[in-house]
Enquirer: 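One structure, pasted below without further comment.
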Amino acid sequence: MIDNLYRWYPVYTNSRAEKKAYQELQRKGIEAYLPLKKEWRQWSDRKKLVEEPLFKSYVFVRISNKEHAEVLMTQGISRFLYFSNKIAVMPDKQMEDLKLLLTSGEDLQLIEHEVMPGERVLVNAGPFKGMIAELVAIENKKSLVLKLENLGYALEVKTSMAYIEPLK
């Protein structure tokens, strides 16, 4: 069934083609949104503030059902995202909240794994890199408490969620 209701859809892009796909969608007159975050990049001769996609390989489009084919025929677009065998739809409120978060100027960190208190984790960055610990508590999205096993006794350390990953 084809309707004229406009909704937000996440679309998967080719690898590292988010900005080009976004520009191509705009050129076609399709409403698109590419959430970007600013981060410092280090090269051998300089350090530079660059804008990188918040979600790698994703762009959001606001279209009706009749425009799905046009989106798929856009250079850099790979496919729509599916959830329970249906094309995934993003609620308008969620998209508004995402835009608001990005304009707030807060330093956002995307955490791609879910870790719960009591789980064993590997610290993959920062001063405790390589240590295995137990997640004791999550105080806020940027700060958590770890119990380090390697030292032979409990020591609570505050570090960022971005610095840990669950042990398999």
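These values consider heavy atoms only, across backbone and side chains, with no hydrogens, waters or symmetry-generated copies.
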Enquirer: Considering all heavy atoms of both residues, which atom of R27 and which atom of E24 are nearest to each other, and what is their separation?
Expert: NH2-OE2, 2.6 Å

Enquirer: For the CD atom of E51 and the NZ atom of K37, what is their distance to the nearest 0.5 Å?
Expert: 12.0 Å

Enquirer: I need the N14 CG to R79 CZ distance, nearest 0.5 Å.
Expert: 10.5 Å

Enquirer: Can you find a heavy atom in the side chain of E52 that is under 4.5 Å from one in the side chain of R41?
Expert: yes

Enquirer: Just how far is it from atom CG of L25 to atom CD of E67, taken to the nearest 0.5 Å?
Expert: 10.5 Å

Enquirer: Contact between I63 and I30 at the side-chain level, heavy atoms closer than 4.5 Å - yes or no?
Expert: yes

Enquirer: Using a 4.5 Å cut-off on heavy atoms from C-beta on, say whether the side chain of P53 contacts that of L34.
Expert: yes

Enquirer: Could you grab the distance from atom CG of L36 to atom NZ of K19, nearest 0.5 Å is fine?
Expert: 6.0 Å

Enquirer: Indicate the atoms forming the closest heavy-atom contact of A88 with P10, along with that distance.
Expert: O-CD, 3.4 Å

Enquirer: Looking only at non-hydrogen atoms, find the nearest pair between S15 and S57 and report the distance.
Expert: CA-OG, 4.2 Å

Enquirer: Does N85, at its CG atom, have more than 12 non-hydrogen atoms belonging to other residues, nucleotides or ligands within less than 6.0 Å?
Expert: no

Enquirer: Should K56 and E18 count as side-chain neighbours, where that means a heavy-atom distance under 4.5 Å?
Expert: yes

Enquirer: So that I can tick it off, tell me whether E96 and K99 are bridged by a salt bridge, with the cut-off set at under 4.0 angstrom between side-chain N and carboxylate O.
Expert: no

Enquirer: For D97, which residues count as a side chain to side chain contact (heavy atoms under 4.5 Å, CB included) partner, sequence neighbours excluded?
Expert: K93

Enquirer: Is there a donor-acceptor pair under 3.5 Å between the side chain of K38 and the backbone N or O of L49?
Expert: no

Enquirer: Is the shortest heavy-atom distance from the side chain of W8 to the side chain of P91 under 4.5 Å?
Expert: no

Enquirer: Quick check: do N4 and K66 have side-chain heavy atoms less than 4.5 Å from each other?
Expert: yes

Enquirer: Which atom pair, heavy atoms only, marks the closest approach of P35 to F60?
Expert: CG-CE1, 3.7 Å

Enquirer: Would you list the pairs meeting ring-ring contact (aromatic ring centres under 6.0 Å, His included) in which at least one residue belongs to residues 10-45, sequence neighbours left out?
Expert: Y12-Y58

Enquirer: Would L54 and L98 count as a side chain to side chain contact (heavy atoms under 4.5 Å, CB included) if you check the C-alpha gap in whole Å, the side-chain angles of each, and the deciding distance to 0.1 Å?
Expert: CA-CA 10 Å; L54 181 62; L98 177 60; 4.0 Å; yes

Enquirer: Only one of L72, T74, V71, L81 forms a side chain to side chain contact (heavy atoms under 4.5 Å, CB included) with V11, so which one is it?
Expert: V71

Enquirer: Among residues at least two apart in sequence or on other chains, which ones pass side chain to side chain contact (heavy atoms under 4.5 Å, CB included) with I87?
Expert: Y9, H68, F80, Y82

Enquirer: Is any side-chain heavy atom of E70 closer than 4.5 Å to one of K28?
Expert: yes

